[in-house]
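These notes concern the structure reproduced below.
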Amino acid sequence: MSSGEFALQAKGLKKTYKAMGPSPAKEALKGIDLAVPRGSIFGLLGPNGAGKSTFINILAGMVMKSGGTAEIWGFDIDANPRQARASIGIVPQELSIDPFFTPGEIMELQAGMYGVPKSQRRTLEILTAMGLDDKLDAYARTLSGGMRRRLLVAKALVHNPPVLVLDEPTAGVDIELRRQLWDYVVELNRAGVTIVLTTHYLEEAEELCDTIAIIDQGEVRAYETTQNLLAQIDNKTMLVRAAAPLAGTLKLDGLDAKITADGRLAVTYNPGVMAAGAVIEKLQAAGIEIADLDTRGAELENVFLKLTGEH
Ligand code: ADP
Ligand code: MG
C-alpha cells in the first residue's frame, strides 16, 4: 500500500521528554510504527502513561518528536507541515477553552487561524450538529463540561479536515453525552471522515472501532482488526451469587471458576466458544442455585496480560 492510502502513518516515531528539575528524562515513545487506514474508525488503546497523547500531540504539532517520521493524509509533518496540519482536526484531552469568548467567536477565530474564507465558514451548522446552536453567544465559562467537550469537537472541525482525532473524549463525560458524541462521530465517519480515538476503555473501542492498536510503555503491542483482536481476548466473567453457600470444592468441567473475596463465584468464559446460557446450565448441573448474576467484559489489564505476558 502506498502511504497515500493511509490517513496517518508513523514510522519509528520516538519521543524522549528531557529531564526537568527532579524529573528524569522520559522515553515516552520508543519507535512507533502505525498506519491508520483511510475511512476507518481507529482506536488507539493503552493504559495511562502509555504514550497516546504524546503520539497525538506530535501529529498536532504541539510536541516535537525526537525521531522517526509521520505523515497525515500523505503529507510529511516535516516536509509539508502546512498541508499536514490542514488535514487533521484534534480534540485535545484537556478541556482548554478561553472563558471570555463565546462559542461563535471561538469558531470564527479558529476558522481565521486555518485561513477558511468567510464564505466557506460553517460555524452555525457545526454548532448545531453538536447541539450548541443555542449557545452561539453564551460565554464559554458558562458552559458545562459536556458542552465544552462538544465545543472542542466543533472547533476541531472548522477547516473540514479529512481526519478527526479525539484524545480520551469520554473521560468525565456522562452516558447520555457519550451516546450523542458517538452518534455524531459515526455520522462523520459515514460522511467520509477518518476517526482516531484514544481511550482506555476496551468496550468503547470494541463498540466503535474497526481497527485497534494497543500501545503500552511507548511501544505497539497489538495492531488488529477489532474482530481479530476480540477473537483473541474476548473473555467475559460471570459473577454468580449462589442461593446456598458454595462448597469448598466445585466440579465445573471446562470452566475457569474462582470464589471471590465477597463469596461470589467468578466464572471466566469465552463467549465465542461457549454461550452464557451454556455456562449457566453447567452451573446448574453442578447443583448451584443462582440467586444473582452479573457479567463483566474483558478488562484492558487482562488484555495486556494475554497479549504481552507482562505486568
Ligand atoms: P497517555 O496519553 O497514554 O496517558 P502520555 O503521552 O500523556 O500518555 O504520557 C506518556 C509518558 O510521558 C508518561 O510517562 C508521562 O508522564 C510522560 N510525559 C507526558 N508529557 C510529558 C511532558 N510534557 N514532560 C515530561 N514527561 C511527559
Ligand atoms: Mg493521554
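Position 1 is the first residue of the sequence; numbering continues from there. Counting starts at 1 for both ligands and their atoms, following the listed order.
In this structure, the side chain to side chain contact (heavy atoms under 4.5 Å, CB included) partners of Asp76, at least two apart in sequence or on a different chain, are Thr69, Glu71, Asp78, Ala79. With sequence neighbours excluded, no residue satisfies side-chain hydrogen bond (donor to acceptor under 3.5 Å, both in side chains) with Gln83.
With hydrogens and angles ignored, the 3.5 Å screen pairs no side-chain donor or acceptor of Lys65 with any backbone N or O of Phe55.
Residues Tyr139 and Ile106 do not share a hydrophobic cluster, defined by chaining ILVMFWY side chains whose heavy atoms lie under 4.5 Å apart. In the hydrophobic cluster analysis, where Ile, Leu, Val, Met, Phe, Trp and Tyr join through side-chain heavy atoms closer than 4.5 angstrom, Leu152 is grouped apart from Met62.
In this pair, Tyr114 and His159 present their aromatic rings parallel. The plane angle is below 30°, not in the 30 to 60° band.
If you check the side chains of Ser23 and Tyr17, you find no donor sitting under 3.5 Å from an acceptor.
Residue Lys30 qualifies as enclosed at atom NZ: its count of foreign heavy atoms under 6.0 Å is above 12.
For the Mg ion (ligand 2), the neighbouring protein N/O/S atoms at less than 2.8 Å, given as residue and atom, are Ser53 OG, Gln93 OE1.
Separating the NZ atom in Lys258 from the CG atom in Leu265 is a distance of 10.5 Å, to the nearest 0.5 Å.
For a heavy-atom separation below 4.0 Å, the residues in contact with ligand 1 are Tyr17, Lys26, Ala28, Pro47, Asn48, Gly49, Ala50, Gly51, Lys52, Ser53, Thr54.
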